[in-house]
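Along the sequence shown, the residues carry numbers beginning at 1. Order of listing sets the numbers, starting from 1, for every ligand and every atom in it.
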Amino acid sequence: MPKIVLENITKRWGKFYGVDDLNLVIEDNAFVTLLGPSGCGKTTTLRQIAGLETPTSGRITIGDRVVFDSEKGINIPANKRKVGFLFQNYALWPNMTVYQNISFGLTNVKEEMDKIDFDARVNARLAEVLSNPSAVKKVIADSVDKNGKVDEKRALINLIDSFTLSMMSAKRLLAMNLDNAEALRGECEAAVQKAKKEAEAKGFKLDDSFRFTKDGKVVREERRLSKEEIDLAVRRVSRLVKIGPFMDRYPAELSGGQQQRVAIARTLAPEPSVLFMDEPLSNLDAKLRLEMRYELQRLHVETGSTFVYVTHDQMEAMTLATQICLINNGLLQQYDAPLTVYDKPNNLFVADFVGNPSINFAEAEGKQNGEGIEITLFGKKAIFKPVEKLNLESWFKKRDEDKAKAEALEEAKRQKKGYVEKSNKDEIFKYHIAKINENEIEKEYTPVNGDFVLGIRPDLINIDENGKLDGEIYGSMPTGMESTIKVRVNDLLLTGVIFGNLSLKIGSKVKLSIDSDRIMLFDRVSGKLISTGSVEFV
Ligand code: ATP
């Protein structure tokens, strides 16, 4: 159902802009990660969508419902936005069992829901299960302990999981004499027929899901969830996160990962159509984190919910998301699929923030010559060949026009009543070039058209005897599957990731190549990506 739309969302405290004019569309069933450095505004963005923080201005729509509009004075509270939360400090209630922790929220729900005949529904389900008594007998037989006796607790869990039953129904089933299954099934069916007749006598009908209907419409009533509904919900989410056997334990009797699963189950139980998570895995150790990432990915598919996930860990963002929303200083930098963010970053900040090990930057200058751009890179003449046709002059012209437009817009905002100047000014990202001698003092320089920065991902650097670049191994870290190397080229240090297990001596001379059309050409004036392409040394 919900597509979440943020329009011109701004949150400021005094002159400090936590979120600055954010426009974002989160598609239904997306897994969006909000990523960025500490303090960039990720949590504030999430809290505003969830209704835990009031934006200074803008509009938020969830599904077809406007939940916040500063101009119209709409602000629907968090508990009415039908969303679930999962935070870093998920704090389970220590004096409640796992079951109680998960069901607690559900017992408090009181709202308009479908009117249902639960007894009839249970009887119908049991009649269905009893039509194949050998399957039930097999599940019970599989639940024997080492002395050959049926382990009642295990049998109940297995019945619940195998036939999607509540605990109450599973107990009824286990107490039955299954040699009499046909007669028992008859009793259940008779009860169903009786319930249908009773409903009809009152002017209703029961539909296939045992909802009361009148004149073809499902009857609604303000009510609490039934015990049966709560139990089925708890069992369903426990199955999803695999904590079925721990229902009677207290949080202190669980490992960190198991506790985290309970917290996730608790959030999922009311079936939120949107799930907000703020660094939910950051309290777990590295191995468990990785495991839980897989679980979250699976959960996203199985629940069909929309996930919005805050993290400052770019690996987590890359691996989990269908879309990454990268923010810096309250401003959206890029909103794209993970691989697009990695291969075609909008600007130097994005290129630098995403990727581990970090991207290599190298300055170059040059000019267009036909289809290519003649540059001097690593002290050598080279041609940058863009993947798509590029006219540098037009690119610079468009850049200047866009800038003028943005400035005009800013000026118009300034003229508006109540405008507050942003104290945390936006600056062009200062990229870092790794050098042998890092202590050199940088000269002040104002870049001009034709000054570029090239971005080369470490996986594009190869040790290659036919390579045109001369390098010297500065450091090498083999991890078994791959080696991260640092190579000196002139006075620069490049990082490379080489697959396979290489033993490279520090100080040894190597030839390098960068054969790829995924090299990035950035404009030094604006910090923006001009094009991706390949570099040929001449
Ligand atoms: P982190 O990764 O460190 O959690 P974040 O990206 O989630 O960071 P936010 O918590 O959204 O950052 O905060 C954004 C900025 O707004 C921060 O610089 C923070 O100091 C500031 N901020 C947050 N809440 C308030 C407040 N109540 N008053 C003033 N400034 C605030």
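Closer than 4.0 angstrom to ligand 1 by heavy atom are W13, F16, P37, S38, G39, C40, G41, K42, T43, T44, sorted by chain and number.
Summarising the geometry of N95 relative to Y250, their closest heavy-atom pair is O-CE2, 3.5 Å, with the distance given to 0.1 Å.
Remark: side-chain polar atoms of Q259 are not paired, donor with acceptor, to backbone N or O of A252 under 3.5 angstrom. A donor-acceptor contact shorter than 3.5 Å links the side chain of N101 to the backbone of T97. One N or O on the side chain of N490 and one on the backbone of F378 form a donor-acceptor pair closer than 3.5 Å.
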If you apply the rule side chain to side chain contact (heavy atoms under 4.5 Å, CB included), what do you find for C325 with L24, and how did you get there? CA-CA 9 Å; C325 168; L24 200 66; 3.9 Å; yes
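Between I498 and I485, some side-chain heavy-atom pair lies under the 4.5 Å cut-off.
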